[in-house]
Amino acid sequence: SILVTGEGNSTTTNLQQGLAKCWATADNNTTLQDTFNISGITDVSTGVSTLAFSNVMNNNLYALTAIGNFGGGTNDLSCISWDQNADLATASSKTYFIASLNGGGTPANQDLERGCYHWHGDLA
């Protein structure tokens, strides 16, 4: 645990608390390209994956951010959603990539060409 003094010596921040505890880059919801503290990925269904942690989180109150692309178009970016009570567990996270459709239409789950994930929180 390292304390870092802020600009002007006004505050200190616990550096350990601010570090990403896990991260991953995955292709096609099935293939991990590079990871930290991720032991595997499971393709659940179209646009839905579960990523397992090598070292578990302390609770399911961690923060998860992710973004991805599909389709190769300029506006083919995807955002993530989840049900925190059901999908964020201490040993894994289930993610749903919802397409932002260009030109209207109903958003739907999309498999990603590449997805990038980051978790912040406390390890057990």
Inset, instruction - Give a yes or no on whether the backbone of Leu19 and the side-chain of Lys21 come within a donor-acceptor separation of less than 3.5 Å. - result: yes
Of the non-hydrogen atoms in [X] and [Y], which two are nearest, and what is the gap between them?
X     : Y     : result
Ala89 : Phe53 : O-CE1, 3.8 Å
Ser39 : Ser54 : N-OG, 3.5 Å
Ala52 : Ser92 : CA-CB, 3.9 Å
Asn29 : Ser45 : ND2-O, 4.2 Å

Distance check, rounded to the nearest 0.5 Å: [X] atom [atom1] versus [Y] atom [atom2]?
X     : Y     : atom1 : atom2 : value
Asn37 : Asn55 : CG    : CG    : 4.5 Å
Asn59 : Leu88 : CG    : CG    : 10.5 Å
Asn58 : Thr90 : CG    : OG1   : 8.5 Å

For [X], check side chain to side chain contact (heavy atoms under 4.5 Å, CB included) against everything at least two apart and list the hits.
X     : value
Thr46 : Asp111
Gln33 : Thr25, Asp27, Thr31, Arg114
Thr30 : Asn28, Asp43
Thr11 : none

Inset, instruction - Find out if a path of hydrophobic residues (ILVMFWY) with successive side-chain heavy-atom gaps under 4.5 Å connects Val56 to Ile41. - result: no
Legend entry - Residue pair Lys94, Val48: steps toward the side chain to side chain contact (heavy atoms under 4.5 Å, CB included) verdict: CA-CA 7 Å; Lys94 184 185 280 185; Val48 182; 3.8 Å; yes
Legend entry - side chain to side chain contact (heavy atoms under 4.5 Å, CB included) evaluation trace for Asp87 with Tyr96: CA-CA 10 Å; Asp87 300 327; Tyr96 301 81; 3.0 Å; yes
Legend entry - Connected hydrophobic set around Phe36, excluding itself, where side chains approach under 4.5 Å: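 So far as hydrophobic clustering goes, Phe36 is joined with Trp23.
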Legend entry - Sub-4.5 Å side-chain heavy-atom contact between Leu51 and Thr95: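 Yes - at least one pair of side-chain heavy atoms lies under 4.5 Å apart.
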Legend entry - Candidate pair Leu3 and Thr13, rule side chain to side chain contact (heavy atoms under 4.5 Å, CB included), full reasoning: CA-CA 5 Å; Leu3 293 178; Thr13 300; over 6 Å; no
Using distance only, find each side-chain donor-acceptor pair of residues 117-124 under 3.5 Å and give its atom names and separation, not counting sequence neighbours.
{"residue": "Trp119", "atom": "NE1", "partner": "Ser93", "partner atom": "OG", "Å": "2.9"}
{"residue": "Asp122", "atom": "OD1", "partner": "Gln17", "partner atom": "NE2", "Å": "3.1"}

